[in-house]
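The structure appears right after this line, and notes come after that.
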Amino acid sequence: MSAKIEATDVSVDFPLYHGNARSLKRTVMSSVSGRMGSDAKNRIVVQALRNVSFKLGSGDRLGLVGGNGAGKTTLLRTLAGIYEPVQGRVRVQGTLNALLDPNLGMNVDLTGRENIALRGLYTGLDARAIARLEEDVRDFAQLGDFLDLPVRIYSSGMVVRLGFALATAIRPQVLLMDEWFLAGDAAFMEKARARLEDMVRGAEILILSSHLTDIILDWCSRVIWMDQGRIIADGEPAAVLERYLGHPVRAPEPDATETVTAA
């Protein structure tokens, strides 16, 4: 079954439960001007997404660009099923993996090994497949004896290594990725890049949110520019990026694009 994504008039609101306080209202109104509203219960809400629509099929590589607070991460989390639209609908066909947060899906009171088993069970793996998953994550994350200690005592770098190894060990048809996966210390990223690019190459659909123009140009065949929760432009990467940035951008490297976008 080929992968598909369809978002139709998707809107997401975040209620402000103490929003009637005047000082809070002034603060929020000044920081999210033009995105305030109220819901059916007369609560003040931030309108995080408004009437977002697009379709993707097998082979599509979509980049999301826009300033901080534009709605990119909210859209990714909505597609992943973390947030529920107040209007419209999202339909995802195919297995999905969301690389959005190093802690996503992890229980910090469990050990690293227990978190690996938990992830395997959640994705429907049998005991033999979970054992292979544990071996893969252990070899990549290189946590040593810490693998049998609670995640809450890990350093931030160890959490990232475990989260990255877990998230990239299971290959999905649909891959949602926020740009934290492209960050980190140079030594870690040198090791991680080949694993990450292999995962991107194997996915049928990629949706990537990033401020890194070169990555968008090299990895994506389509770009959506978002601002204040709405789609401003949707089209060919260089054309949309030039509108967004206000200056010309380089053409994507043919070899890099071919390597990463081959389904």
Side-chain angles (χ1 to χ4, degrees), residues 1-12 48-85 88-102 104-105 163-164 167-168 170-183 195-227 229-241 244 252 256-257 259-263:
M1 182 174 61
S2 296
K4 295 180 182 178
I5 292 180
E6 183 175 350
T8 307
D9 293 324
V10 173
S11 296
V12 173
L49 294 179
R50 272 296 170 269
N51 307 116
V52 173
S53 296
F54 61 88
K55 295 180 181 180
L56 298 173
S58 183
D60 285 335
R61 301 289 193 259
L62 176 66
L64 302 177
V65 299
N68 292 330
K72 305 184 301 297
T73 298
T74 299
L75 176 56
L76 289 175
R77 288 175 174 262
T78 303
L79 296 173
I82 299 169
Y83 298 150
E84 183 176 354
R89 70 175 185 175
V90 171
R91 297 182 64 187
V92 178
Q93 180 174 295
T95 58
L96 181 147
N97 196 358
L99 281 59
L100 305 181
D101 186 299
L104 192 63
F164 184 97
T168 54
I170 299 172
R171 306 302 170 93
Q173 291 175 281
V174 177
L175 177 60
L176 311 179
M177 188 163 64
D178 213 344
E179 64 184 353
W180 80 265
F181 262 76
L182 304 172
R195 183 179 173 100
L196 184 58
E197 289 183 352
D198 183 58
M199 187 179 189
V200 169
R201 192 164 48 242
E204 291 186 37
I205 295 176
L206 169 71
I207 304 182
L208 166 67
S209 167
S210 180
H211 294 288
L212 303 173
T213 302
D214 286 349
I215 290 291
I216 292 289
L217 287 170
D218 287 344
W219 288 17
C220 300
S221 56
R222 175 180 171 188
V223 168
I224 285 178
W225 169 19
M226 299 189 68
D227 185 55
R230 298 179 183 273
I231 293 178
I232 303 301
D234 180 354
E236 189 271 330
V240 175
L241 285 170
Y244 168 57
T257 304
T259 298
V260 178
T261 61

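Just so it is clear, the model here is predicted, and its values are computed rather than measured. Hydrogens, waters and symmetry mates play no part in the numbers below; they use all other heavy atoms, side chains included.
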Quiz item: Is any NZ, NE, NH1 or NH2 atom of the basic residue among R195 and D198 found under 4.0 Å from an Asp or Glu carboxylate oxygen of the other?
Solution: no

Practice problem: Over all heavy atoms of both residues, which pair between A80 and A98 is shortest? Give the atoms and the distance, please. | Solution: CB-CB, 4.0 Å

Quiz item: Would you say Q93's side chain and S2's backbone share a donor-acceptor pair under 3.5 angstrom?
Solution: yes

Practice problem: Measure across E204 and R61 and return the closest heavy-atom pair with its distance rounded to 0.1 Å. | Solution: O-NH1, 3.0 Å

Quiz item: Below 4.5 Å, heavy atoms only, C-beta onward: do R230 and N51 meet side chain to side chain?
Solution: yes

Quiz item: Passes side-chain contact (heavy atoms from CB on, under 4.5 Å), D234 versus V240? Steps please.
Solution: CA-CA 7 Å; D234 180 354; V240 175; 6.0 Å; no

Quiz item: Do the side chains of V92 and V90 get nearer than 4.5 Å, heavy atoms only?
Solution: yes

Quiz item: In this structure, are over 12 heavy atoms from other groups packed under 6.0 Å from R171 atom CZ?
Solution: yes

Self-check item: Heavy-atom pair of closest approach, residues R50 and S11
Solution: NH1-CB, 3.1 Å

Practice problem: State, with a plain yes or no, whether a side-chain heavy atom of L49 is found less than 4.5 Å away from one of T78. | Solution: yes

Exercise. Test M177 against every option in I207, N97, V200, L76 by the side-chain contact (heavy atoms from CB on, under 4.5 Å) rule and name the one that passes.
Key: V200

Exercise. Please tell me if the side chains of E6 and T8 come closer than 4.5 Å, counting only heavy atoms from C-beta onward.
Key: yes

Practice problem: Could you tell me whether the side chain of S221 and the main chain of D60 form a donor-acceptor pair under 3.5 Å? | Solution: no

Quiz prompt | Charged N-O contact under 4.0 Å between D9 and R89 | solution = no

Exercise. Using a 4.5 Å cut-off on heavy atoms from C-beta on, say whether the side chain of T74 contacts that of Y83.
Key: yes

Exercise. Determine the minimum heavy-atom distance between P85 and V12, stating which atoms define it.
Key: CA-CG2, 4.0 Å

Self-check item: Flag side-chain contact, heavy atom, 4.5 Å: L96 against P172
Solution: no

Exercise. Report the C-alpha separation of W225 and I231 in whole Å, then their side-chain angles, then the decisive distance to 0.1 Å, and conclude whether the side-chain contact (heavy atoms from CB on, under 4.5 Å) test is met.
Key: CA-CA 6 Å; W225 169 19; I231 293 178; over 6 Å; no

Quiz item: Between E236 and V223, is any pair of side-chain heavy atoms under 4.5 Å apart?
Solution: no

Quiz item: Hey, does the side chain of K55 reach the backbone of A7 with a donor-acceptor pair shorter than 3.5 angstrom?
Solution: no

Practice problem: Apply side-chain contact (heavy atoms from CB on, under 4.5 Å) to the pair V52 and M226, showing each step before the final yes or no. | Solution: CA-CA 10 Å; V52 173; M226 299 189 68; 4.2 Å; yes

Exercise. Please list, chain by chain and in numerical order, all residues satisfying ring-ring contact (aromatic ring centres under 6.0 Å, His included) with F54, sequence neighbours excluded.
Key: none

Quiz item: Please walk me through it: do L64 and L75 pass side-chain contact (heavy atoms from CB on, under 4.5 Å)?
Solution: CA-CA 9 Å; L64 302 177; L75 176 56; 4.0 Å; yes

Quiz prompt | Minimum side-chain heavy-atom gap Q173-K4 below 4.5 Å | solution = no

Exercise. Pick out which of L62, V65, D178 makes a side-chain contact (heavy atoms from CB on, under 4.5 Å) with S209.
Key: D178

